[in-house]
> 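Sharing a structure here in structure tokens format.
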Amino acid sequence: MTKNEIDFICKNTSFIKEHISQDPVKLLFKHGKDEGKRLLIGQIVSRQRIKKKLPSWYDNYNLIFLPGLSLEQSSSEDTATLKAKLISGKHLLDITGGLGVDSYFLSHNFEQVTYVEQNPELFKVASHNLSSLSKRIKTLCDDGLDILKSSDADVVYIDPYRRDSSNQKMVSLADCEPNVLDIQPLLTQKKRTTYIKASPMLSIHSALEELQDVSEVWIISNRNECKEVIFKLQENQDSAVKVRTFNLGLGKIEEFEFELSPNVKTDISFSEPLPYLYEPNASILKSGGQDFLAKKLALNKLHPNSNFFTSTEKVDDFPGKSFEIIEVLTPFHPSLKKGRFNVISRNFPKKANEIEKKLKLLSHKEDYLLATKTLGEKHIFIKAKLL
């Protein structure tokens with residue numbers, strides 16, 4: 001996007017405001033021959049895409065957007081706001097600035113912020129936005145690694161680009177750009193702290209085998225969908241790694257933390273279903289910390305591979321779904337046919353959609369059907385009510 005295009009968009013925000021809720025396809029059919037209108041319609045498309053992800057940016061018509069992957073990989077406002085509460089220091093260096101979402105939200109807890117982006121087109125857009133949002137953020141169009149080598153920043157933030165030359169999604173740290181495994185000494189030199197944002201699909205245990213000096217791992221979910229995995233690196237870190245899990249949504253944050261250490265045992269008890277049943281949230285399941293949680297809350301597990309837990313007394317504020325068990329049945333019991341249930345299948349031969357189809361089920365807000373296996377290797381269906 002050129003400077004002239006940016007200036008044109010800024011001078012014609014009235015068109016964007018007037019048509020922000022309209023169908024872009026119909027707008028293109030009507031105005032497609034006008035080059036300027038096509039540019040403005042492109043902004044409408046981008047704004048519609050970020051309405052839920054970045055609501056305050058959606059409402060700010062001083063900002064412009066570059067369509068494409070810069071929107072896809074950027075943090076949401078919810079996750080960026082959470083990270084802003086957890087990350088602080090004097091000078092933040094974001095060496096993979098992208099759209100600038102993290103740079104902006106993290107800037108609230110820093111005296112100085114340096115945003116670096118080497119893609120000239122993306123830089124122009126992000127630099128315009130950041131200058132509109134904050135006067136404390138310095139923007140550079142440069143190679144972030146070159147800036148890192150000479151920077152005095154005490155905190156570094158990296159969100160490696162996760163697409164290959166064929167535009168395919170990449171997950172492993174070694175395949176992303178920059179390859180943080182090749183620059184590890186730079187990340188913690190001068191006693192700086194570095195935060196690496198990784199794909200939510202990345203294997204945490206595999207990454208910990210490759211990364212040095214990891215002090216903490218954060219797993220962030222929004223409405224029970226895993227969105228980000230963050231690795232916190234600090235110089236000469238050789239103690240147990242702290243794992244912190246967060247699940248955002250519905251006006252609250254579910255938090256749980258534990259330590260990954262060979263000396264920490266997670267021996268837990270097993271039992272048949274008791275009056276209450278629990279399923280940990282997506283962040284806890286991603287972290288592998290469900291047994292740590294069960295041990296802390298004195299819960300029993302149904303089966304080593306089921307990740308359903310149970311108790312005689314109800315556990316308040318459980319970080320995940322809590323159910324009251326109504327009835328335990330054999331799989332595909334005739335009484336379930338054409339019922340109304342949400343289905344969860346864990347450690348069961350058939351997936352949830354297959355169970356729904358076979359029993360001709362309709363969805364329900366609070367009534368659930370849980371398909372799983374007990375310690376005695378017995379498959380069961382559990383009718384339960386969401387608490």
> Return yes if some donor-acceptor pair links the side-chain N/O of N12 with the main-chain N/O of F8 below 3.5 Å, else return no.
yes
> Under the salt bridge (Lys or Arg N to Asp or Glu O under 4.0 Å) criterion, do K358 and E354 qualify, and how do the steps go?
CA-CA 6 Å; K358 185 171 181 178; E354 295 174 317; over 6 Å; no
> Listed by chain and number, what are the side chain to side chain donor-acceptor pair (under 3.5 Å) partners of N342, not counting sequence neighbours?
none
> Taking everything shown except E377 itself, do over 12 heavy atoms lie less than 6.0 Å from its CD?
yes
> Write down the atom of L274, the atom of S311, and the distance for their closest heavy-atom approach.
CB-O, 3.4 Å
> Under the salt bridge (Lys or Arg N to Asp or Glu O under 4.0 Å) rule, what pairs show up with a residue in residues 336-348, not counting sequence neighbours?
E279-R346
> Got a donor-acceptor contact below 3.5 angstrom from the N247 side chain to the N224 backbone?
yes
> Please step through side chain to side chain donor-acceptor pair (under 3.5 Å) for the pair S287 and T245, ending with a clear verdict.
CA-CA 7 Å; S287 74; T245 69; 5.6 Å; no
> Under a 4.5 Å side-chain heavy-atom rule over Ile, Leu, Val, Met, Phe, Trp and Tyr, are I382 and L299 clustered together?
no
> How are the rings of F348 and F332 set relative to one another: parallel (under 30°), tilted (30 to 60°) or perpendicular (over 60°)?
tilted
> Does a sphere of radius 6.0 Å around NZ in K385 hold more than 12 heavy atoms from other residues, nucleotides or ligands, not counting ones at 6.0 Å or beyond?
yes
> Compute both the distance and the angle, then confirm whether K37 meets the cation-pi test with F15: under 6.0 Å from the six-membered ring centre, within 45 degrees of the axis.
yes
> When clusters are formed by joining ILVMFWY residues with side-chain heavy atoms under 4.5 Å apart, either directly or through shared neighbours, do I183 and L181 land in the same one?
yes
> Where do A207 and F231 come nearest, in terms of heavy atoms and distance?
CB-CZ, 3.5 Å
> Provide the full list of salt bridge (Lys or Arg N to Asp or Glu O under 4.0 Å) pairs with a residue in residues 118-141, sequence neighbours left out, each pair given once.
none
> Could you tell me if the ring centre of F256 sits under 6.0 Å from that of F292?
no
> Show me the side-chain donor-acceptor pairs of residues 83-105 shorter than 3.5 Å, one per line, residues at least two apart or across chains.
from, atom 1, to, atom 2, distance (Å)
K83, NZ, S75, OG, 2.8
K83, NZ, D102, OD1, 2.9
K83, NZ, D102, OD2, 3.4
K83, NZ, Y157, OH, 2.8
K83, NZ, E228, OE1, 2.8
K83, NZ, E228, OE2, 3.3
H91, ND1, D152, OD1, 3.1
H91, NE2, T114, OG1, 2.9
D94, OD1, T96, N, 3.2
D94, OD2, S103, OG, 2.7
T96, OG1, D159, N, 2.7
T96, OG1, D159, O, 3.3
D102, OD1, S75, OG, 3.0
D102, OD2, S75, OG, 2.8
D102, OD2, Y157, OH, 2.9

> Using the rule that Ile, Leu, Val, Met, Phe, Trp and Tyr join whenever any side-chain heavy atoms are under 4.5 Å apart, tell me whether I204 and I196 fall into a single cluster.
yes
> Test of understanding: clusters of I, L, V, M, F, W, Y form through side-chain heavy atoms closer than 4.5 Å, transitively. Do L39 and L63 belong to the same one?
yes
> Considering non-hydrogen atoms only, spot the tightest contact between Y278 and K314 and give its length.
OH-CA, 3.5 Å
> Using a 6.0 Å cut-off, check whether atom NZ of K190 has over 12 heavy atoms from anything other than its own residue.
yes
> With sequence neighbours excluded, tell me which residues meet side chain to side chain contact (heavy atoms under 4.5 Å, CB included) with S131.
none
> Do S107 and S134 get their side chains close enough for a donor-acceptor pair, meaning under 3.5 Å?
no
> I'd like to check the side chain to side chain donor-acceptor pair (under 3.5 Å) partners of S127; sequence neighbours left out, ordered by chain and number.
T139
> Please work out which of the three classes, parallel, tilted or perpendicular, describes the rings of F323 and Y368, given edges at 30° and 60°.
perpendicular
> For atom CG of N353, decide whether the heavy atoms of other residues, nucleotides or ligands shown that lie under 6.0 angstrom number more than 12.
yes
> Strictly below 4.0 Å, N to O, side chains only: are K295 and D291 in salt-bridge contact?
no
> Looking only at heavy atoms, which two atoms of K286 and S203 are closest? And how far apart?
NZ-N, 4.4 Å
> Taking all non-hydrogen atoms of both residues, which atom of Q48 and which atom of Q22 are closest, and how far apart?
NE2-O, 2.9 Å
> Please work out whether the ring planes of Y195 and W218 are parallel, tilted or perpendicular, with thresholds of 30° and 60°.
tilted
> Has E77 got a side-chain atom pairing as donor or acceptor with S56's backbone, closer than 3.5 angstrom?
yes
> Tell me the closest heavy-atom pair linking D146 and D142, and the distance in Å.
OD2-OD1, 4.5 Å
